[in-house]
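Notes for the one structure printed next.
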Amino acid sequence: MMIVAKFGGSSLANAGQIKKVAAIIQGKPEIKAVVVSAPGKRFAEDIKVTDLLIALFDAVQAVGGQVGQVGHQTEALLQAEPVAEARQKVLDRYASILIELGLSTELLAYFEDTLNGYIADIQEPERLLDALKACGEDFNAQVVSHYLVSLGLDAHYVSPKEAGILVTDEPSNARLFDESYAQIAKLRDRAGVLIIPGFFGYSKGGDIVTFSRGGSDISGAIIANGLGADLYENYTDESFIYSMHPGKIARPHPIKEITYSEMRELSYAGFGIFHEEALEPVYRNDIPVMIRNTNQPEIKGTKIVSKKELDPRYPVTGVSSATGFTAISISKYLLNREMGFMRRAIRFFEEAGVPVEHVPSGIDSISLVIRSANIQSPEHLAGILATIQDKLNPDSIQVEDDLCIFAIVGEAMRENVGVAAAASRTFADNHINIRMISQGASEISMLFMIKAEDEDIALQGLYQAYFPREALATLAAAAQGE
Ligand code: ASP
């Protein structure tokens, strides 16, 4: 059994948390590689190290020193008060961790040199930002590795370069090149436990490029896939994925097993425990993912798998909801006979850089559903509408904002009738008008669109409809492994 474990920022936020992580690694010799995030928040108002590094970048930009120039100008930039202050905040976080772990603070001088070296040498702002952001994970992996060695473990820091994580050259949005896997596989031959920083890789040109925010999950999945792990454990401060968002409904029950496909459908509408792109590498090789809690490692958390046993009594695994949608409805008499109408309508959005996410249609009308945030300004939308009016000559165009989409998800829905009926009944009972219904061919999810103001009441109603009180104890006990 070989495990790749990834520890998130809250699991490594301070020395106390790092000690818990070390105890988990010590107690599980199956863990071959550990992927770490940067130290996260220690308390609600705290600032993540990644954000401190972004603030350092902002300070460098604001001081506006001639980055990259040698001699006294670079020196002046490095010494400038805002830069020095921002850098010190980063170093202070590591200093307190090192001291509390009883480690030497020698590493700090090296960390400072690394930050200064990047600020002095990297001229393109986007590249400098990525190099600085990567330091959060990179320094933390070194700290964790030193600590494990101090406990007598055979631990080794392995940089993403050494690991062979080759990525596309898109700053802050890297994607892995598949050829990396052959290189990563070679890590299997290395002795001991490998400590690898998450969140970044190297471009073919040798530059540091980070994944999008929260991207250490992606690194963990990549390493798990590359090593051919039997299990990918993702440690955070949560033990489970819940059947509904715990912030939106009181005490939803935890899920014991969920498939990659269910997880993907649920994360479309707001299930954010895991980075969206992180499932892809493990999905490809069918490596199960276990959600684990660093603070309660004895709990077997939610497992994400390719196939699970279906229980026809509970066709729905989870319900997620997301607000922030806008629908643009276009009507035209005999629309269905007009060749290319739909395609052209979508194209006008594409040309304006706005992705269309759903296209529910009637006989003489279609609606294009978009994320409201993708509209940059009222003029932006007005421009698209004017083009539609001009080129398609519809009878009417209507815009409706503040919409909410519900995703009702479950593999067992495929063999079950009545799931849609239960949702419709719930909406009707609560006098909620349904603006759109859509079901994909896979039949594992059903989408409903309603007004955002009705989100809470709809969630409560749906929860009761799909998880009747008598079922809850059974479901919760199953998840707890009882
Ligand atoms: N430290 C990075 C972030 O805060 C990546 C991560 O933690 O996954 O986004």
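Residue indices begin at 1 and follow the sequence shown. Just follow the structure's listing: the first ligand is 1, and inside any ligand the first atom is 1.
- Counting heavy atoms closer than 4.0 Å to ligand 1, residue Glu137 contributes side-chain atoms (C-beta onward) but none from N, CA, C or O.
- Residue Ser37 has at least one heavy-atom neighbour below 4.0 Å for each of these atoms of ligand 1: 6 (C), 7 (O), 8 (O).
- Protein heavy atom nearest atom 6 (C) of ligand 1, with residue, atom name and distance: Ser216 OG, 3.4 Å.
- The pair Asp169-Arg127 counts as a salt bridge, with a side-chain nitrogen and a carboxylate oxygen less than 4.0 angstrom apart.
- Contacts with ligand 1 closer than 4.0 Å are made by no heavy atom of His275, backbone or side chain.
- Each of Val36, Val34, Ile24, Asn293 was checked for a side-chain contact (heavy atoms from CB on, under 4.5 Å) with Tyr235, and the lone residue meeting it is Ile24.
- Taking the six-membered ring for Trp and the full ring otherwise, the centers of Phe406 and Phe448 sit at least 6.0 Å from each other.
- Considering backbone and side-chain atoms together, Gly214 places an N or O closer than 3.5 Å to an N or O of ligand 1.
- With no hydrogens or angles considered, a side-chain donor-acceptor pair links Tyr157 and Asp138 at under 3.5 Å.
- Ligand 1 is never approached by Gly9 to a heavy-atom distance shorter than 4.0 Å.
- Residues Leu459 and Glu455 meet the side-chain proximity criterion, which asks for heavy atoms closer than 4.5 Å.
- The shortest side-chain heavy-atom distance between Glu106 and His146 does not fall under the 4.5 Å cut-off.
- The shortest N or O to N or O distance between Thr50 and ligand 1 is below 3.5 Å.
- Classification of Arg284 and Glu280 as a salt-bridged pair holds, one side-chain N sitting under 4.0 Å from a carboxylate O.
- Shown in contact with Arg213 at under 4.0 Å from a heavy atom are these atoms of ligand 1, numbered in order with element: 3 (C), 4 (O), 9 (O).
- Note on ligand 1: Gly136 sits outside its first shell, no heavy atom being nearer than 4.0 Å.
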